[in-house]
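Computation of the quantities below employed the complete heavy-atom set of this structure, encompassing side-chain atoms and omitting hydrogens, waters and symmetry-equivalent molecules. Throughout, residue positions are numbered sequentially from 1 according to the sequence presented.
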Amino acid sequence: MIAIVDYGMGNLRSVTNAFRMLGGDVAVTRKKEVIKESDAIVLPGVGAFGKCIENLKKFELFDLIKGLIMNDKQYLGICLGMQTLFESSEEAPGIEGMGIIKGDVPRFTGDVKVPHMGWNSIDIQRENNIFKGISNGEFFYFVHSYYCRPAEDVTATKTVYGVEFASSVQRGRFFACQFHPEKSQQAGLKLLQNFINICK
């Protein structure tokens, strides 16, 4: 069973519907025992970094999820579910992320329109079964004003939007992406199907 974490934020319906359409055994939950006993965790997110951290702590999920990831629990983070893995974000000065990945989350600057919204391509940096059947240069759907800047070698894909940034990260059994696979049509569904297969 895949636990989709309900912490009061995020596009739970579209993520859940995508998994169920693919035949995934999912539970939308904030129950700590269900999350602990699951085969994998999915943390989706849309909104602000600070509010995300606040809500995870309010429901006593922050330390739980961090500990499970650190103990190599299968994990898929989407958008904010990727950003929270980092140490900090310019969006919420003084609020610490999980710090599982060394690095920060700065805001896009310069001549590009913010937020970065729409289709953009990925440049795959490392072999991973999550990309099985997905071509290098494939397009995925993005909506974000802040981007992840890892200070260690975890980048799974890169994308260019004014700057080159890590559009997904992977280490051990965690994978997280800035793009929204649930909104990315066939390529996104393929990635979610691959995640389901990895969890079996």
Can we say [X] and [Y] salt-bridge, meaning some charged N sits less than 4.0 Å from an Asp/Glu carboxylate O?
X: Asp123; Y: Lys158; answer: no
X: Lys102; Y: Glu87; answer: no
X: Asp153; Y: Arg126; answer: yes

Is there a donor-acceptor contact under 3.5 Å from the side chain of [X] to the main chain of [Y]?
X: Asn120; Y: Phe139; result: no
X: Gln74; Y: Asp39; result: no
X: Asp104; Y: Pro106; result: no
X: Thr159; Y: Ser121; result: yes
X: Tyr147; Y: Val163; result: no
X: His144; Y: Tyr146; result: yes

Using the side chain to side chain contact (heavy atoms under 4.5 Å, CB included) rule, pick out the option among [options] that qualifies with [X].
X: Gln125; options: Val169, Thr155, Thr157; value: Thr155
X: Phe195; options: Phe19, Phe175, Tyr75; value: Phe19
X: Val15; options: Val28, Leu76, Val42, Leu192; value: Val42

task = Establish whether Met9 and Leu85 are linked, either directly or via other cluster members, by ILVMFWY side-chain heavy-atom contacts under 4.5 Å.
result = yes
Spell out, yes or no, whether Leu68 and Leu43 are grouped together once hydrophobic residues are joined by side-chain heavy atoms under 4.5 Å, including indirect joins. yes
ask   = Would you say the side-chain atoms of Gln83 and Glu91 include a donor-acceptor pair closer than 3.5 Å?
value =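 Not at all, the side chains of Gln83 and Glu91 share no donor-acceptor pair under 3.5 Å.
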Applying side-chain hydrogen bond (donor to acceptor under 3.5 Å, both in side chains) to Asp6 and not counting sequence neighbours gives Arg30
Check: Counting only heavy atoms not in Glu96, do more than 12 sit closer than 6.0 Å to its CD atom?
Finding: no
**Q.** Met117 atom CE, over 12 foreign heavy atoms within 6.0 Å
**A.** no
Check: Cationic tip of Lys57 within the cone over Phe62's six-membered ring, i.e. under 6.0 Å and within 45° of the normal?
Finding: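 Yes; both conditions hold, so Lys57 lies above the ring face of Phe62.
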Rounded to the nearest 0.5 angstrom, the CG-OH distance for Asn55 and Tyr7 is 8.0 Å
### Message
Using the rule given for ring pair (Phe, Tyr, Trp, His ring centres under 6.0 Å), can you reason through Phe142 versus Phe179, listing the C-alpha separation, both sets of side-chain angles and the distance that settles it, and then say yes or no?
### Response
CA-CA 5 Å; Phe142 290 81; Phe179 52 82; 5.7 Å; yes
